[in-house]
Amino acid sequence: MRTLYILSHDLRKKGNPILDESLDRNDIVFPIFMKDTKLEKLSGASLWWVKDSLKNLSGNLRVERIPIVESNGNYIHILKQIVNENNIQRIVSQVVPYANSANGLDEIKGYFTSKGIGTKWFEPNNLLSSESILKLKINFGNFKQFCSTMKNMTVNFDSENEKGLPEIREVEHKSENHEYSKWERDLSGFWNTGEEQARLILGSIVKDGNANKGNSVLSPYIRHGQVNVKAMWKALGEEDNINTEAIKRSLLWREFFYCSYARRPESSSISMNRRMENFRWSSEWSRLINWKEGKTGFPIIDASMRELWGRGWIGNQKRLLVSDFLAKLYSVKWTFGAEWFMDTLVDADEASNYSSWQWISGCSDFSWPFFKIYNPLKKSRSLDPYCEYVKMWVPELNDCPVEYILNPEKMPSDPEINYKKPDKTYKEMREMALSGYKKFNKNDNLS
Ligand SMILES: Cc1cc2nc3c(=O)[nH]c(=O)nc-3n(C[C@H](O)[C@H](O)[C@H](O)COP(=O)(O)OP(=O)(O)OC[C@H]3O[C@@H](n4cnc5c(N)ncnc54)[C@H](O)[C@@H]3O)c2cc1C
């Protein structure tokens, strides 16, 4: 049977249930990647990751290329063309449990079933099934309880044996050739996007306990399906140590955020704690620009933001630090930061990103409270005491003594050092943020 395979968060050959089933059924498979903002937000760094990964995957599937089909909200119309041009008899894809993507797949199923074309949607790259993501009873105010529920659940894991390939063909369809921009070419210098690399990293974590302080740096591979999270969960479970335990806990956060986001898709732009929708955020846009460009005057924040731009990735601690800084010390609404992350992260994932931003800015129903504010000076001392990281990403501080990098408010003016120290001290910014929050609480209680 001629089968159209719409790739999404499953850019791998090994242990890919759709390819395995197609082999068993003797199907001829036509893979495409669909890009449509109505189904899912995909741009910037994560789109670059997709382009690069598709090159690797087409090599593994032994086809010249896997096209990225852009449908601009018109996915039924474009799919209809592809189905007709290629004599397609069946469409398969993996579910992405965001509401828009899931609704889109429902629409596709409805339309093509009525035209006599078969469809089959496979389970998402999650520990939970798509049904549990939507229906499992969860108290969103209690992550610990979620972890205990998860402990009692069996993760159904299908083995990852290499089965061989079904017949794969390239679709006949006009699609754009994607050239890399300079920024994308620079990203290429940092990453090897293929599934083989993901397996190497996971293997070294499991076998040698090799994880950078509990960080696997697997998030882009997980986001794009080059790692099967069920297989990862199983492998980590076989080698219990502090690192593997920490990574398993992180995977539970991911499930938790998927459950939250799948049920409340509006949380990409509206605070889950509706009260916070009335909060008076700052409209000083220069703050947002300084934050994006890594020019806040706080070296650890600036280095992290420049790494985010340069590498498309920063670790969890730095994500927490810079998002807390924007939403609290700068009091800029979390949605602006979240959209910047969606554009600049190679692992940009709607569920994890929007939920994390809501959590850190005190706007979700399971939040880190607004009055808990990270101190970037203290964090700088604990994360980078010798300022090696800062010097790597903020080269204008190369000749600046460490004591001033750790305490930029005291940095003397030096014409040799082309770095702007902060306009306000951490203490002043913290007081302003807290007094704004206090005022808001008072007015809110009166109304
Ligand atoms: C403001 C903010 C925005 C974020 N946006 C994203 C995003 O767009 N995409 C994304 O994958 N993660 C996001 N995270 C979560 C987390 O920072 C990254 O997943 C993590 O830094 C990836 O590093 P790692 O692969 O070394 O994680 P590890 O600690 O090795 O964890 C293993 C895997 O678990 C998942 N994970 C880890 N921590 C979290 C978490 N807190 N929430 C959800 N999943 C987690 C990731 O898939 C990760 O690869 C965000 C966090 C914050 C604070």
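As the structure lists them, so they are numbered: ligands from 1, and atoms in each ligand from 1.
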Any heavy atom of Trp313 sitting closer than 4.0 Å to ligand 1? yes

Report, in ascending order of atom number, the atoms of ligand 1 lying under 4.0 Å from any heavy atom of Trp357. 1 (C)

Would Arg263 and Phe140 count as a cation-pi pair here, with the cationic atom under 6.0 angstrom from the ring centre and within 45° of the axis? no

Would you say that Asp20 contacts Asn16 through its side chain, given a criterion of any heavy-atom pair below 4.5 Å between the two side chains? no

Nearest heavy atom to atom 36 (N) of ligand 1: which of Ser216, Ala246, Ser250 does it belong to? Ser250

Nearest option to atom 9 (N) of ligand 1, as decided by whichever heavy atom of Asp347, Leu321, Val346, Ile205 sits closest: Asp347

Indicate yes or no: does an N/O atom of Asp349 lie under 3.5 Å from an N/O atom of ligand 1? yes

Give the atom numbers and elements of ligand 1 that come within less than 4.0 Å of a heavy atom of Ile247. 30 (O), 32 (C)

Please say whether Asn316 places an N or O atom under 3.5 Å from an N or O atom belonging to ligand 1. yes

Tell me whether the guanidinium CZ or amine NZ of Lys292 lies under 6.0 angstrom from the six-membered ring centre of Trp309 and within 45° of its axis. no

Short question: side chain of Lys421, backbone of Met411 - any donor-acceptor pair under 3.5 Å? yes

Ignoring hydrogens and geometry, is there a side-chain-to-backbone donor-acceptor pair from Lys318 to Met305 under 3.5 Å? no

Taking the six-membered ring of Tyr419 as reference, does the NZ or CZ atom of Lys295 fall below 6.0 Å from its centre and within a 45° cone about the axis? no

Is it true that Ile360 lies under 4.0 Å from ligand 1, counting heavy atoms only? no

Short version for Leu251: what comes under 4.0 Å of ligand 1, heavy atoms counted, is both

Between Trp357 and Ser323, is there a donor-acceptor pair closer than 3.5 Å when you use the side chain of the first and the backbone of the second? no

For atom 24 (P) of ligand 1, which of Val227, Val217, Asp324 has the closest heavy atom? Val217

Heavy-atom pairs closer than 4.0 Å: do any link ligand 1 to the side chain of Trp359, the backbone, both, or neither? neither

If the test is ring pair (Phe, Tyr, Trp, His ring centres under 6.0 Å), which one of Trp313, Trp191, Tyr180 qualifies with Trp49? Trp191

N/O of Leu218 under 3.5 Å from N/O of ligand 1, yes or no? yes

For Phe257, atoms of ligand 1 separated by under 4.0 Å from a heavy atom: 42 (N), 43 (C)

No-hydrogen, no-angle side-chain donor-acceptor test under 3.5 Å, Tyr426 and Asn407: no

Does the side chain of Leu252 reach to within under 4.5 Å of the side chain of Phe143, using non-hydrogen atoms? yes

With atom 19 (O) of ligand 1 as the reference point, say which of Ser219, Ser356, Ser323, Ala348 has the nearest heavy atom. Ser219

Using a 4.0 Å heavy-atom cut-off, say whether Phe256 meets ligand 1 through its side chain, its backbone, both or neither. neither

